[in-house]
Number of protein chains: 2
Amino acid sequence: MINSELDTTDIEILKLLQRDASLTNKEISFKLHKSIATIHERVKRLKEQGYIQRVVAILNRKKINRSLIAFSQVLLNDHTADTLNTFEQEVIKFDEVMECFQMTGTFDFILRIATSDMEAYHSFYRNKLATLPNITTVQSFFVLSETKSDTAYPL
Amino acid sequence: MINSELDTTDIEILKLLQRDASLTNKEISFKLHKSIATIHERVKRLKEQGYIQRVVAILNRKKINRSLIAFSQVLLNDHTADTLNTFEQEVIKFDEVMECFQMTGTFDFILRIATSDMEAYHSFYRNKLATLPNITTVQSFFVLSETKSDTAYPL
DNA sequence: GCCAATACCGAATTTTATTCGCTTAAAGCA
DNA sequence: TGCTTTAAGCGAATAAAATTCGGTATTGGC
């Protein structure tokens, strides 16, 4: 394969590894009717070319005391590069902040916050988030139930 | 270890595997100054006890044509169990829906939608999401930039 | 002091990953 | 058509990793 185009085998490999990256090449080769060497070569290339960014362990957040997920929408006072950069640089330092996106629309950022409970969220909000400069408003929404949460893109 | 409590070694293993699950037991044993057999035993237990839910490959979404991420906030007409269940069951069938959370607050669900571009989002919205019954409003916000996006919980 | 339980380890074994040389299929071209 | 080049694919050999197992050391209870 010269470059960048994915064929059916590549796509099937990516589908499998998105679901379970602990599959062995032998198992994959059996499912896709290819040799172990071929699968090995394919996976190696998919990593080298950056399709597979990394392989990670997904933890059960309830077992490590992160039962509460909040989405917090943040609006800043102004939108100078300096204000935006400062906010980003500071907010991502907080352990509770799993994700930070700058957004289009009526607010500037959306944060995904993981804490143990509402008390911990409150503490994060008062002692960390709200201390950052140039914040106009923060609106928080809490996850009642997780219907779907997937890291695997359909291919 | 009798049950469920994590000691320092467990926590260090989880930290490492959250970042890079392709680390070998040998590499981990070197970092943590334990034997390979001990690391093997620990990791096995962490999986069995459900701390490690699964091991997955994280793909570069830009390389697989999922450049646009949207958060869509959905408000339903009513909140009967039936309406809620139907919405959940149907919306998670759409390929574009990576996450679906029922939320507290002024709307009912927040969806994370991954599409190739705005046109694809529009098509998803018109032909899929908006066809579901009992939707009052949908408000969509688009990701301009991803400052932080992490699957690893600090421990 | 003795016993039981547990964490830990080294070494042996099994399984997997990785390498390499060969074969086959396809594409370009005279 | 027949020749050449290129790349995908493969099996077998090798290297590395996972897994198993028996034994030691430590700790806490009695």
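Residue numbers begin at 1 in each chain, while the letters A, B, ... track the order of the sequences. Since this is a predicted model, take the numbers as computed values, not measurements.
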| Should we say atom CZ of F107(A) is surrounded by more than 12 heavy atoms from elsewhere, each under 6.0 Å from it? | yes

| said: Taking D95(A) first and then R66(A), would you say they form a salt bridge - that is, a charged N and a carboxylate O separated by under 4.0 Å? | reply: no

| Spacing of I36(B) atom CD1 relative to dT13(C) atom P, expressed in whole Å | 17 Å

| field | Atom-pair distance (CZ on R45(A); P on dA7(D)), nearest Å | value | 12 Å

| request: Select one nucleotide: of dC8(C), dT19(C), dT16(C), the one nearest the side-chain heavy atoms of K44(A). | output: dT19(C)

| DNA chain C: T24(A) or I39(B), which has the more 5' nearest nucleotide? | I39(B)

| request: Take the protein atom CZ of R42(A) and the nucleotide atom P of dT19(C), then report the distance between them rounded to whole Å. | output: 18 Å

| message | So, OP1 or OP2 of dC10(D): does either fall under 4.0 Å of a side-chain N or O from T38(A)? | response | yes

| query | Between dA17(C), dC10(D), dT19(D), which one does the side chain of N25(A) approach most closely? | reply | dA17(C)

| Distance, rounded to the nearest Å, where F30(A) contributes CZ and dT16(C) contributes C1' | 17 Å

| Looking at E90(A) and K93(A), does any basic side-chain N land under 4.0 Å from a carboxylate oxygen? | yes

| message | From CG of D7(A) over to P of dA25(C), roughly how many Å is that when rounded to an integer? | response | 18 Å

| What's the CD-P distance between E41(B) and dC9(C), to the nearest Å? | 12 Å

| query | Within this structure, what is the CD-to-P distance between E48(B) and dT19(D), rounded to whole angstrom? | reply | 11 Å

| Given atom CD1 of I28(A) and atom C1' of dT16(C), what is their separation to the nearest angstrom? | 12 Å

| With a 4.0 Å cut-off, would you call R42(A) and D10(A) a salt bridge? | yes

| request: Select from K34(B) and A37(A) the residue whose nearest nucleotide in DNA chain C is closer to the 5' end of that strand. | output: K34(B)

| message | Does dA17(C) have OP1 or OP2 under 4.0 Å away from a side-chain N or O of H40(A)? | response | no

| said: Regarding E99(B) and R112(A), does a basic nitrogen lie under 4.0 Å from an acidic carboxylate oxygen? | reply: yes

| request: Specify the residue among E27(B) and T9(A) whose closest nucleotide of DNA chain D lies further upstream toward the 5′ end. | output: T9(A)

